[in-house]
Structures are given as structure tokens and as C-alpha cells.
Number of protein chains: 2
Amino acid sequence: MTVSTEKTETPDIYRDLHQRLVTAAFTPGEKLKPEKLRALYGCSANTIRDVLLRLSTVGLVSFEEQRGFRAQETSPEKRHDVARFRILLEQEGASLSIRNGDLMWEAQLSAAHHKLSHIETTIAKKGELDAYLPLWSGAEREFHDTLISACGSPLLRATYRNIYDQFRQQMVAQERDFGSNYFQAIITEHQAILDAALDRDEPRCREAIFEHMKRNFI
Amino acid sequence: MTVSTEKTETPDIYRDLHQRLVTAAFTPGEKLKPEKLRALYGCSANTIRDVLLRLSTVGLVSFEEQRGFRAQETSPEKRHDVARFRILLEQEGASLSIRNGDLMWEAQLSAAHHKLSHIETTIAKKGELDAYLPLWSGAEREFHDTLISACGSPLLRATYRNIYDQFRQQMVAQERDFGSNYFQAIITEHQAILDAALDRDEPRCREAIFEHMKRNFI
DNA sequence: CTACAATAAAGTTTCAAAATTTTAAGAAAA
DNA sequence: TTTTCTTAAAATTTTGAAACTTTATTGTAG
């Protein structure tokens, strides 16, 4: 069901494992054995190895020479580190975008926020997070990525995306209480970020980003 | 000569290729064919593939599905991007280190600077950069890494190291004029960074870092 | 002469098995 | 009982060859 039967399977395996990792389908530190996963995707162990090697590249999987792969471990320190670093990158990226972004950027940001806001409102009402988690996670990622998309630095943006995924992995793994009031809160926070960005108010946007993330500190 | 004959060769292949890449033994964009490199290290093509996959994770090698590996391309935009991002990370890391660093940090920073300074002075006098490039590159990396080593963020530090290596790769590839006066200049700049750090003067240290890097802008 | 298709060559990815290393289990000694 | 050594099992890495893709070459039609 989750496995595509297309000719070139590797990208699908990558995407599927990536998705599983950021939605905590594996418990942190769990061993990822190519030989076991092989069966799941109907390919050889080496193909899995390739994919895991690439996922270790982006920090979702930890890899140690001669002792294989694991789903990235989590700890309060790690979560704190990821959150701090994410703030740094997003604040800087947002500042640059506010300076450089054109009308198209504003439009795309509005659009991304609209989608995100819709999904978050639905979850806040219905409360069925499990069903919406992949959808919401994707929309949130897109909103934050769009926010920094006009920063003019491909490197900053690529690094941010990696960190965002690590953040998601760490937070979902922590089994936070994603209750209804949690979503009420982040709806407000995302709105504040959007408003500050469209007002081209750098300090206020930085502050809004910090407010959005500070709950994840130790 | 460059190839170790130990039992477990993979780490050596990784280190050796890493070294070659940051010292521009490959021209930017040059194709890295496992089949060719295989002979060099006396192993199979897949082992090379593994190493290249990991090097692509740290940005030294570019990888495209179904069309293999290349030494990272270079361009004015890319160099500018790397330089800007490096400044961001180093300024932030240095600021945090200045706030958090203890006496041990000061001592290590002094030691790293002492070594670096010695090598740079030698090069400035003798001018034989080619012979000293790996030594100097390693010492400079260590100095900058030590500067941010007390920042308290493993993620920031690891990211900085990757960016430093990409920076080195980009700059050496550009065939800059590493003349004697170039080294005279950076000796002064490194001294300024050290002094500001030991004085615990964040703004001055940030400024010194910027001054050290601004020559690499477009 | 150019554009397009067919073919050949080169390069990349996948595979299953062999070689190596790590981890686990059990036996002997302190 | 605890520790250490030996042995067996499990897992990882490496290999060489097969399958597949891309790129280059050649030939044909417009």
C-alpha cells in the first residue's frame, strides 16, 4: 500500500522512509536493519543501505561505521539544540526575505498560510491529529519554508529544511500533547508571523518566530 | 602513497577523498566515476559509491539520481552564499562561546591560534603555499572551530564545519592569489578575532569575523 | 545542412552471495 | 558470584556481475 511499484523505486523508498521518520513511525534510537526493511519494499538490502546513507546525510538517521543505522535518537538537549538552531536560521532567513521579498513572495506566503490555517482550524475542531499529521506537517513545513524563500541563500534555505525535518522528528517522537488548545495557540502564532512578515517588520517577525518556538526549550 | 593498506579501508578512502576535495585536487564540476576511482584505492566501485554518497551529504560532492557524482561546482553566487552563511554561523557561534566559554576554551583558542600563526608566518616568508596548503587548511579549520567550540550547540558546530569545508573547496578551486600579502593580511585578521574573543567583546569579534571574510563576496 | 531516430557505448543502480566485523551466549577460571 | 575467554549467531560491508539509464554516435529523412 505504501510501496509504489514504479520502475525507479529508490526515490519512493527515500520519500517513504523520510515520511516515516518525521512522523515517528520508528521509535528514536530504533535500529534500522536493511535486511528487515528489504522485505517491506521488495528490494535488496543494498538499496535500503543507499537510502539510509542518504537519510543520515540529512540528520534523520544516525549512522556508525560497522554498526549500522538507527532512527535518530532524541533527548531534551537534542530537542533544545534543534529548536535554538531552527530559530537562528528562521529568524535570519525571515529577516532577509523581508528585505528582499517581492510581491510574489507575499502572495505565496499568504497562500501557504491560508492552507495551513485551514488545516489547523480543522484539527483544532475535530481533534483527529493522527489522520491529519502528515498533511499538517507538510503544510507547516511549506509555510515556514516560504517565509524564508526570498532570503537569497540556497544554503540557508536547504539547511533550514533539514533542521525543520529534524525538529519535526524530535517533537513527534517526544509524544507531545498535541491537544486542541495546542493548535489554538499555534494558529495565533502563525498569524503573528505572517502579519509581521507582510508588514515588513523584521524585529516583530523575529520576536514572533521566537514566541512560536520557545515552548520547545528545555 | 596516499592509500593506506589497513584492514578497514573505508574511513581512509573517505578522508583521502575529503582532503582532495577541499584542496581542489578535482576541478569543480568534474565527474567522479566510481569505476575510475576504484583502481586508485584497490576496492570495488560500490565502496567508492558509499563514500561519495556520504561526501555528498556534507556538500563537497554533488549527486544526481541516475547521473552520478561530481566535485561540487563553483560560481560567484555559490562562493558568496557560502561566505555569507559561514559568517552567520561563525558570528553566532563566537558570540555564544564568548558568553559560555571557560578558561579552558581560552587556553585552547590561544593554542590553536599560536599554531596557525606560526604556519602563516612561515608561508608569508617562504611563499611555498602548495607544500603547506593541507597543513595550513587544517590549522585554520581548527582555529575557527575552536572559536565556536564553546557555543553549546553541537548542531551549529557540525554545520559550521561542513560549511567551512565547502568554503575551502570553493576558494581553493577559484585559484585565488594566495600571495605573500594575502597571508600578511589574514595573520592580522586572525589576531583581531583572537583578541576580541579573549576580551569577551562580542560586537568586536563579530566585526572581526566579518572583516576576515568580506573579501570573498561577489 | 539540420533535425530526428536508431544504435552503440559508457555509466549508474541493483542484486545476491562472500568476507568481515560486531554482538550475544555459554563455558571455564578467579 | 563475577569476570574472562571461547565459540556461535547475527549484522554489516564488500564484491563482481547483471539490469537498467543516460549519453554519445551514426545514419536517415526532411
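Just so we're on the same page: letters track the sequence lines, and every chain starts at 1.
The nearest heavy atom of DNA chain C to B/F69 and to A/T47 marks one nucleotide each, and the one closer to the 5' end goes with B/F69.
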Which atom pairs, donor and acceptor, lie under 3.5 Å between side-chain atoms of residues 31-38 of chain B and protein residues at least two apart or in another chain?
unit_1, atom_1, unit_2, atom_2, d
B/K31, NZ, B/R67, O, 3.3
B/E35, OE2, B/R38, NE, 3.1

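The nearest whole Å value for the distance from the CD atom in A/Q66 to the P atom in D/dT13 is 6 Å. One interatomic measurement links the two molecules: CD of B/E65 to P of C/dT14, which rounds to 7 Å at whole-angstrom precision. A/D50 has its CG atom 6 Å from the P atom of C/dT14, to the nearest Å. Rounded to whole angstrom, the span from the CZ atom of B/R38 across to the C1' atom of D/dG16 amounts to 10 Å. Distance, A/R70 CZ to D/dA11 C1': 12 Å, rounded to whole Å. What separates CD of A/E64 from P of C/dT23 is a distance of 9 Å, to the nearest Å. Whole-Å rounding puts the A/N46 CG to D/dG16 C1' distance at 12 Å. In this structure, B/I48 atom CD1 and C/dG11 atom P are separated by 15 Å, rounded to whole Å.
Of the candidates A/R86, A/R157, A/R99, A/R206, A/R206 is the only one forming a salt bridge (Lys or Arg N to Asp or Glu O under 4.0 Å) with A/E92. Screening B/L89, B/N100, B/L96 against B/C151 for a side chain to side chain contact (heavy atoms under 4.5 Å, CB included) leaves a single residue, B/L96.
Side-chain proximity of B/F63 to the nucleotides C/dC15, D/dG16, C/dT13 is greatest for C/dT13. In the set C/dC15, C/dT13, D/dT15, C/dT13 carries the atom at the smallest distance from any side-chain atom of B/R49. Side-chain proximity of A/K36 to the nucleotides D/dG16, D/dA11, C/dT22 is greatest for D/dA11.
With sequence neighbours excluded, the residues that form a side chain to side chain donor-acceptor pair (under 3.5 Å) with A/S62 are A/E73. For B/D130, there are no side chain to side chain contact (heavy atoms under 4.5 Å, CB included) partners at least two apart in sequence or on another chain. A/I119 is linked by a side chain to side chain contact (heavy atoms under 4.5 Å, CB included) to A/I123, A/L135, A/W136, A/A139, counting only residues two or more places apart in sequence or in another chain.
Every pair tested for ring pair (Phe, Tyr, Trp, His ring centres under 6.0 Å) that includes a residue from residues 146-174 of chain B fails, sequence neighbours excluded, so the list is empty.
DNA chain C is contacted by B/K31, B/K33, B/P34 of residues 24-35 of chain B, taking any non-hydrogen atom closer than 4.0 Å.
OP1 or OP2 of C/dT21 has not a single side-chain nitrogen or oxygen of A/R67 nearer than 4.0 Å.
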